[in-house]
Structures are given as structure tokens and as C-alpha cells.
Chemist: 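This is the structure I have questions about; it appears just below.
Throughout, a chain's letter reflects where its sequence line sits, starting with A, and its residues are numbered from 1.
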Amino acid sequence: MNDPAPAAGQVTLTLPDGSHRTVAAGTPVAEVVRGISEGLLRRAVAVELDGELLDLVTPVRNSGSFRILFARDARALAVLRHSAAHVLATAVRRLRPEAKIGFGPAIDDGFYYDFEVDEPFTPADLEAFEEEMKRVAAEASPFEREEIGLDEARVRMADDPLKMERIADFDEDEVISTYTNGDFVDLCRGPHVPDTSHIRHFRLLSTAGAYWRGDSDRQMLQRIYGTAFFKAKDLKSHLHRLAEAKRRDHRLLGRRLDLFRFHPSAPGAAFWTPRGTVLYNELLAFERALQKDDFLEVMTPLMYNKSLWETSGHWGKYRDDMFLILNNESGTHDASLKPMNCPSHYLLYQATRHSYRELPIRYVTFDVLHRNEVTGALSGLTRVRQFQQDDCHCFIAEDQIASEVAFLMRYILDFYATFGLDATINFATRPEVRIGDDALWDRAEGGLLAALEETGRPYQRKEGDGAFYGPKIDFDITDSIGRAWQCGTIQLDYNAPERFGLEYVGRDNRTHRPVVIHRAVSGSLERFIAILIEHFAGDFPLWLAPEQVRVIAIGAHAIDAASAVRDRMAEAGLRVHLSPRAAETDFREEIKDASNLKVPYMAIVGSREAEAGTVSLRARGAKKKQVTLPLDEAVGRLRRESEERALWGAAGTMEPL
RNA sequence: GCUCUGGUAGCUCAGUGGUAGAGCGCUUCCUUGGUAAGGAAGAGGUCGCGGGUUCAAUCCCCGCCCAGAGCUCCA
């Protein structure tokens, strides 16, 4: 049925059940909701009108689909948090009247508000603000909306220079609104919850500097971050998640589990300990095994003359991010450490003639890369200056795009699945600033999209998010506590083959341009290991664990038997350790040490085991529960679990019993 | 890069204008115990680096280095 055409001055709203309501244009949303039911009005938080979020005090201006949002709706949460930001500003203004207000939006996990103050806020200030916010909420002041003209806005916000600056950006005919709750007025687009009493379950989390409008040339404001929820239990679980993330912090676990460390002499570059190096190499070994049939591993120089970077185009705009090398004879910086592998692979490809019969050629490299990240960007293993990528460049004929992309996607997803990681897929299209004509982009995007569709995997489009040289597919992995990390990528590149004059000889005996696909799976191995540490909380599956088994001898008389167990397991290829001072140490301390290092299994050998030719296996986290097995059987099970790369706790593994 | 906060033993941290402490770890000895910290003794510190103020600086001031949090998901 067609929507009835509204009379002049009227708008028609289509409710989710398909029914229509016609009201006078300018009727407040609350009146519309009340017209449906008083009960709904009591529970309504906001509404969606043709997808636009409106609160109850906003006038309805246009016809469209009309849906009431309740506390359970995800979009309602953003409204609540925006209002929480206003409650925060209300509290700050009461306690620090001199604070100038900036912006205070809802963000993914909460909200923030920026203030201009002479002295930065302290943790004690935050506590005071939080207490004051409770009072503001208890007052249950309604959020009142007022629509005003530009001149009036200037008068109202005269005392707030930051708001005045925002006002200066408005067009003459724009609808400008203010929201008032109690004694606090803010220039604000809305929407808001009906009154401050909705802000019940919130927490201020942190404070930090933030540039006004994100511009590092402008003044630094003080930003307060917080979060808010409709339900106490949602707030609680969010705070729990934050605590969980802190507990899993790879920088702390990296020290505690003795995996890597940093030294001021080499900022942004990790020192891998013996244990960490095992982990790193196991990851590499896994990827080498996975790729051995379809990829060609190569090694290329780490240092190049600047002419290469001039060809690639990096010398111009990327030079500040490269580590340049001083030529002592000329006194100039005319070489650099490589920040990426692409040009190396192009040079290698180009060094010989290639036939169409060879394609696709997939060069993959784990070479060390250096990027001169600014100091403020460095963070643990997730943002470093020296790292290795599992970096692959596929040289293909243009008609191989679809099959190649499908192949690469399967490979990438299989790789993640080994770690129990799932990925969401993003398809990024041509950006504003780009090279190549539209016809080329049409072909590139079409080819990539067709390949993506063929896999049947769900994906999201990210318009304009592609690389300047081509569209791409990005993989965001989701870890065990629900955080997303951008890791893998498949990028189509028509430009590089042109720049580097890449060729292959076709069936027609003429030269053709290949297309290049850039592929990374883990992004950087360093960062991927950081993700794995946090994903597993340091409880690595057996195959990845730096030390797989710790042999514990109960009493000095069991030392010989324990050594025999250690030797037998080591022969079987397990990474096993028996403390050299086990004979002098309380075995309970050995158990403590193994537990703290999160060693997956302890093999306990006392007089009973020594006599019976058995070991008692105690799985990580299993406390006193253990299983006693003949030594060979124990070795067999551990080997199988390791070789199958079973996830810790997966069915069929020996997992925490 | 910029703002704020921090840097004390291998780790986690306390402390002071008169050159420094704890717990864990480490070393040695005792204990040989059936499932997460047995007992005793000992070693270990340019208090991040450089400069300044002071009779005296780990502490106060300045600079640098390193680390942590953050740096428009737009009124």
C-alpha cells in the first residue's frame, strides 16, 4: 500500500507495523509517541525517523519510517552516553566554573568531554566530578531543546570561546539548537535522553590531553573519558572487560612470561628472550609449513639506494618515516633501511623474464623492516620501529584476479582459524586522492568484489577507504574478549607494475603487464604475537608454548627417573625442561614456577611413577587434578596435541581436565 | 611530534635536602617433602642521563633519554 500523501503542513509517519500516523509538522516527538501509547512514552528513549536519531523533544519535520528506541536498542546507548557527557560537563562547571567547554560526543565505548582549563585534571578531580554527576542525575532535570538563530547563539555562547568558534562555522540557514539541563546550557545538536535521571550507571575512566579539533597546532584541552549504560550489569561487564584487557596486557605478560623486553638503547625494537624466540620461530615455522606448496619464500636486501625509493615514490612523501643512512664520502643521506618489501620483490621479479605459464608467482618474505615511527606512537609490540611482516606479492595476469583473491582469502582465514580467531571482512573502495583512471578502478573493484562475492563470506563496504593505488580487502580479527584488530590485507595494485615496468610474456609471445596483489596475513609478526598473547592471556596452545612440559621430581631420589622422563620427551621433540636444581628445591616451588610461567603441562615424577614407569600429567590450571599414564602414552598424547596444533581446551586434547 | 604523568635492586614498589628500604627473584647452606611460596645466611643500587641551586641533591630547578595515557567516532 502506498503512503497516503500528507496534506500541507502535515507529515506522515510509518510505524514498524506498517500503520501510518499523520501529525502536524513541528509536533514534538514525545507527542507523537504519546499518541501511540502513554506506556510507550514512559519507556521511550529516542526515536528513529528515516534512520535519523531524534529525541523526544525534537519537532518532527519530515515524513518517514518511525521507530521508537528503548533502552535495549544499541543506538539508544549512544544517546544515553551523549547525555552523560552533558551531565559530566554540568558537574565540571559546578566545581570548576572557569572551565571552558569544548566538544562532548558519545564514542564507541562511552563518551568524552573536552575542557579548556589552566591546570590539568587529577584523579581526585575525576572522583569529585563523578560524585557531582550523581547529584546532577538525582536532580532529574529534563533536557530542554531550544532552536535559535545564529545571532542568538552568539549571545548565549559568548563566554565560551570554543563554542563561538564552532558557531562561526555554521551556515546562515542551519538549524542551531541548545540543550539545557538544570543550570547547564550547551550548544548541541542532540539527541538526548528525556532527563538526567537516566544517567545512572556510569564511570569516569581517564583523563588526558587532546588538541582542540585534533589539530596539534591548536591549544591542548583536557579530555575526560567515561562510559555509561542503561543497566548496572552492562556497566559491570564493561568494567570487567577493561580489567580483563589489563590483565592480558602483552607488555606485562611479555615480562612475566619472559618472552621479550625493551631497552632504552633501542626504542621501538624488541629484544626476544630465548623463550620468546621459540614462540616467534614456532609462529614462523607454522606459516612456512602452511605456505610451502603455493608460495616462494625469498630474502632481499634490507638497505637500498635512494634511487629505488625515488622509483617507488616513497622518497618524496615517506622519507621522514624511513631510517636514512649517511654516506660518509658524500656526506649525504642517499640510502635507507627498507620500510616495506614491495620494491624488493619487484626488483627480484624483474630480474628475469617470466612466462604466463609461471603465474601466479607469489614471493613471500619475512625480512626485517624499519619504520621511523614518532616516539609518541610507540607502544609495546603493537607499534614498533623494527618488525617483520609475512609480506607477499602475487604477480598475476589480470584474468586471474578472482581466483587469486579467493585463494588468498581462504589461506588467510585458515591461518586465523588455527588460533581460534575469526575475522570480519571489509571491502575498501577508491579513495578521494588516488592514481589511475576510473575505468581502471572499475575493473579493479569489480574483480576484487566478484572474488569476494564468490567466497560467500559476509563483508562490509568501506567506501573511499582503499589504498591510493587500488582497492583492498581488510581482515579484522576478533580476539577472545571481543576486541577487533586489523591484521590481514589483500590489495590490488595496477600502479606498481607500471612504475616498475613489470612484464610477463603471454601466450601470444608478446609482453604484458601483470597485476600485483599485496598480501599480509598477520600484519607484523610482532604485533600478531602481541595479539596472540592477549587473545590467549598467555595460555598458549601446546604447539606455541615456549616450554611445553616442565618435569617435576618429588624428592631427590626421583631425580634419575625425572631425568629419564625429560630425555624421553626431548627425544620425542617436545620442548621439555627439568630444573637443574630440582634436587635441592622444594618441588612445590617448582610447581609454582611452572604455573607462573604458564607451562601447559607438568610431568610429575615421584617414587610411585618411577617404579611403575609412568608420569603424572598436570595440565595448566588443573590444580591438583592430574592423570597418571605410562610414559610412552603420555609422550604420544602430547606429541599428537602439539603436531595437530590443537587449541588449548579443544575437544580431544588433554586440556585442564 | 605535542600535552600530562612517571623512571629508586633482575621484577613489583615504599622512602628521604644529610649518598637508601621491603617483598619476590638470585647465591650458599640446611630441609628430600606427593601437588602454588619450608628455614637460615648472603650478594646485589651512578636512585634514567647531563647541567644548575645548595655546605650538602636520589629528593628542588632546567635540558635530554626512555616508558605510560591521550591527541575531532565532529556543535
Side-chain angles (χ1 to χ4, degrees), chain A residues 78 81-82 85-86 89 101-114 117 119-123 153 157 160 162-170 174-179 186-190 205-225 249 251-252 255-256 258 261-268 320-321 372-380 552-559 581-597 602-610 616-618 620-626 628:
Chain A
R81 287 166 170 175
H82 185 190
H86 278 230
I101 50 176
F103 295 167
I107 55 175
D108 273 354
D109 283 325
F111 62 88
Y112 66 78
Y113 211 109
D114 287 341
V117 284
E119 290 294 315
F121 298 127
T122 64
M157 292 292 148
D160 272 300
L162 303 175
K163 293 291 180 186
M164 289 300 278
E165 186 178 330
R166 177 64 188 88
I167 289 170
D169 294 341
F170 282 122
E174 228 162 317
V175 176
I176 300 174
S177 53
T178 61
Y179 275 81
D186 198 355
L187 180 77
C188 177
R189 186 171 53 182
L205 296 170
S206 61
T207 171
Y211 294 105
W212 170 229
R213 302 201 136 177
D215 182 347
S216 57
D217 292 331
R218 305 295 304 270
Q219 72 269 41
M220 176 76 59
L221 307 181
Q222 290 302 312
R223 173 168 300 177
I224 296 176
Y225 284 95
D249 188 323
R251 295 167 298 191
L252 299 180
R255 258 201 303 275
R256 208 161 290 157
D258 190 25
R261 44 192 55 228
F262 288 90
H263 192 277
S265 295
D320 285 349
D321 299 321
N372 193 7
E373 303 283 355
V374 297
T375 54
L378 300 177
S379 178
I552 311 278
I554 297 181
H557 57 271
I559 286 294
R581 52 170 207 180
E584 300 127 48
T585 313
D586 190 326
F587 75 95
R588 288 171 303 172
E589 289 198 38
E590 297 285 325
I591 290 174
K592 180 198 67 181
D593 291 344
S595 302
N596 287 339
L597 285 169
M602 286 176 235
I604 293 166
V605 182
S607 49
R608 294 206 292 267
E609 288 83 357
S616 293
L617 287 182
R618 171 173 157 154
R620 178 175 50 204
K623 305 275 181 197
K624 293 179 184 176
K625 283 186 284 179
Q626 58 192 10
T628 303

Chemist: What closest approach, in Å, do Arg166(A) and Leu187(A) show between heavy atoms, and which atom pair accounts for it?
Modeler: CG-CD2, 4.3 Å
Chemist: Taking atom C1' of U32(B) as reference, at what distance in whole Å does atom NE2 of His557(A) sit?
Modeler: 7 Å
Chemist: Classify the nucleic acid contact of Val605(A) as base, sugar-phosphate or nothing, counting any heavy atom under 4.0 Å across all strands shown.
Modeler: nothing
Chemist: Determine the Euclidean distance between corresponding C1' atoms of U16(B) and G42(B); express it in Å to zero decimal places.
Modeler: 27 Å
Chemist: Please tell me if the side chains of His86(A) and His82(A) come closer than 4.5 Å, counting only heavy atoms from C-beta onward.
Modeler: yes
Chemist: Between C64(B) and G6(B), how far is it from one C1' atom to the other, in whole Å?
Modeler: 16 Å
Chemist: Between Arg256(A) and Asn596(A), is any pair of side-chain heavy atoms under 4.5 Å apart?
Modeler: no
Chemist: G18(B) and A69(B): how far apart are their C1' atoms, nearest whole angstrom?
Modeler: 37 Å
Chemist: For G50(B) versus U58(B), give the span between their C1' atoms, rounded off to a whole number of Å.
Modeler: 15 Å
Chemist: Base, sugar-phosphate or nothing for Leu378(A)? Non-hydrogen atoms, less than 4.0 Å.
Modeler: sugar-phosphate
Chemist: Rounding to an integer number of angstrom, what distance separates C13(B) and G34(B) when you compare their P atoms?
Modeler: 37 Å
Chemist: Nearest nucleotide by nearest heavy atom, which residue falls closer to the 5' end of RNA chain B, His263(A) or Gly102(A)?
Modeler: His263(A)
Chemist: Take atom CD of Gln219(A) and atom C1' of C4(B), then tell me their distance rounded to the nearest Å.
Modeler: 16 Å
Chemist: Arg608(A) has a side chain; which of U32(B), G34(B), C73(B) sits nearest to it?
Modeler: G34(B)
Chemist: Pick base, sugar-phosphate or nothing for Ser177(A), based on heavy-atom distances below 4.0 Å to the nucleic acid.
Modeler: base
Chemist: What's the closest nucleotide to the Ser616(A) side chain, out of G34(B), G38(B), U32(B)?
Modeler: G34(B)
Chemist: With a 3.5 angstrom cut-off on both distances, give the Watson-Crick or G-U wobble partner of U54(B), or none if there isn't one.
Modeler: none
Chemist: Does Arg618(A) get its side chain close enough to the base of U35(B), under 3.5 Å, for a donor-acceptor pair?
Modeler: yes
Chemist: Using a heavy-atom cut-off of under 4.0 Å over every strand shown, decide if Gly110(A) touches base, sugar-phosphate, or nothing.
Modeler: nothing
Chemist: In whole Å, what is the span from the CD atom of Glu373(A) to the C1' atom of A67(B)?
Modeler: 17 Å
Chemist: Measure from CZ on Arg581(A) to P on U32(B) and round the result to the nearest Å.
Modeler: 17 Å
Chemist: Is Glu584(A) touching bases, backbone alone, or none of the nucleic acid, heavy atoms closer than 4.0 Å?
Modeler: base
Chemist: Can you check whether any acceptor in the base of A36(B) is under 3.5 Å from a donor in the side chain of Lys592(A), or vice versa?
Modeler: no
Chemist: Can you check the distance between G70(B) and G15(B), where both ends of the measurement are the P atom (answer in whole Å)?
Modeler: 26 Å
Chemist: Measure from the side-chain heavy atoms of Arg251(A) and tell me the nearest of U32(B), G68(B), A37(B).
Modeler: G68(B)
Chemist: Is a donor on one side and an acceptor on the other found under 3.5 Å between the side chain of Lys625(A) and the backbone of Arg618(A)?
Modeler: no
Chemist: Heavy atoms only, 4.0 Å cut-off, all strands: where does Arg189(A) land among base, sugar-phosphate and nothing?
Modeler: base
Chemist: On RNA chain B, compare the nucleotides closest to Ser379(A) and Thr585(A); which residue's is nearer the 5' end?
Modeler: Thr585(A)
Chemist: Spell out yes or no: do the side chain of Glu609(A) and the base of G34(B) have one donor N/O and one acceptor N/O closer than 3.5 Å?
Modeler: yes
Chemist: Do you know the tightest heavy-atom contact between Ala85(A) and Gly104(A)?
Modeler: CB-O, 3.3 Å
Chemist: Check the distance between A75(B)'s C1' and Met164(A)'s CE and give it to me in whole angstrom.
Modeler: 13 Å
Chemist: Rounded to whole Å, please give me the gap between CG in Asp169(A) and P in C74(B).
Modeler: 15 Å
Chemist: Go ahead and name the base partner of U32(B); Watson-Crick or wobble counts if both distances stay under 3.5 Å, otherwise write none.
Modeler: none
Chemist: Could you check which nucleotide pairs with C59(B) in any of the strands shown, counting Watson-Crick or G-U wobble with both distances under 3.5 Å?
Modeler: none
Chemist: U35(B), G33(B), A69(B): which one has an atom nearest the side-chain heavy atoms of Gln626(A)?
Modeler: U35(B)
Chemist: Which residue, Met602(A), Arg608(A), Gln626(A), forms the side chain to side chain contact (heavy atoms under 4.5 Å, CB included) with Ser616(A)?
Modeler: Gln626(A)
Chemist: Could you work out which one of A36(B), A75(B), G1(B) sits closest to the side chain of Asn596(A)?
Modeler: A36(B)
Chemist: Report the base-pairing partner of C26(B) (Watson-Crick or G-U wobble, both distances below 3.5 angstrom), or none.
Modeler: G42(B)
Chemist: Any donor and acceptor pair, going by atom type alone, linking the side chain of Thr207(A) with main-chain N or O of Arg223(A) inside 3.5 Å?
Modeler: yes
Chemist: Is the shortest distance from a Lys or Arg side-chain nitrogen in Arg251(A) or Asp249(A) to a carboxylate oxygen in the other one below 4.0 Å?
Modeler: yes
Chemist: Have a look at Ala558(A) and say if it touches a base, only the backbone sugar-phosphate, or nothing, with a 4.0 Å heavy-atom cut-off.
Modeler: nothing
Chemist: Please tell me which of the listed nucleotides, A75(B), C11(B), U32(B), lies nearest to the side chain of Ala556(A)?
Modeler: U32(B)
Chemist: Who does C13(B) pair with, Watson-Crick or G-U, both distances under 3.5 Å?
Modeler: G21(B)
Chemist: Does Glu165(A) use its side chain to pair, donor to acceptor, with the backbone of Leu162(A) at less than 3.5 Å?
Modeler: no
Chemist: Is the phosphate of U12(B) approached by Arg255(A) (side-chain N or O, under 4.0 Å from OP1 or OP2)?
Modeler: yes
Chemist: Below 3.5 Å is the cut-off: list the nitrogen or oxygen pairs between protein and nucleotides 70-72 of chain B, distance only.
Modeler:
{"residue": "G70(B)", "atom": "O3'", "partner": "Tyr225(A)", "partner atom": "OH", "Å": "2.8"}
{"residue": "G70(B)", "atom": "O2'", "partner": "Gly209(A)", "partner atom": "O", "Å": "2.8"}
{"residue": "C71(B)", "atom": "OP1", "partner": "Tyr225(A)", "partner atom": "OH", "Å": "2.7"}
{"residue": "C71(B)", "atom": "O2'", "partner": "Tyr211(A)", "partner atom": "N", "Å": "3.2"}
{"residue": "U72(B)", "atom": "N3", "partner": "Arg213(A)", "partner atom": "O", "Å": "3.2"}
{"residue": "U72(B)", "atom": "O4", "partner": "Arg213(A)", "partner atom": "O", "Å": "3.2"}

Chemist: What nucleic acid atoms does Thr628(A) come within less than 4.0 Å of, heavy atoms only: base, sugar-phosphate, or nothing?
Modeler: nothing
Chemist: Watson-Crick or G-U wobble partner for U5(B), using a 3.5 Å limit on both distances?
Modeler: A67(B)
Chemist: Roughly how far apart, to the nearest Å, are G48(B) and C59(B) at atom C1'?
Modeler: 15 Å
Chemist: Which part of the nucleic acid, if any, lies within contact of Arg81(A), taking any heavy atom under 4.0 Å across all strands shown: a base, the sugar-phosphate backbone alone, or nothing?
Modeler: nothing
Chemist: Any heavy-atom pair between the side chains of Pro105(A) and Tyr112(A) that's under 4.5 Å?
Modeler: yes
Chemist: Classify the nucleic acid contact of Ser607(A) as base, sugar-phosphate or nothing, counting any heavy atom under 4.0 Å across all strands shown.
Modeler: base
Chemist: Provide the distance between the two P atoms, one in G7(B) and one in U53(B), to the nearest whole Å.
Modeler: 25 Å
Chemist: So, are Asp109(A) and Arg81(A) salt-bridged, with charged N and O less than 4.0 Å apart?
Modeler: no
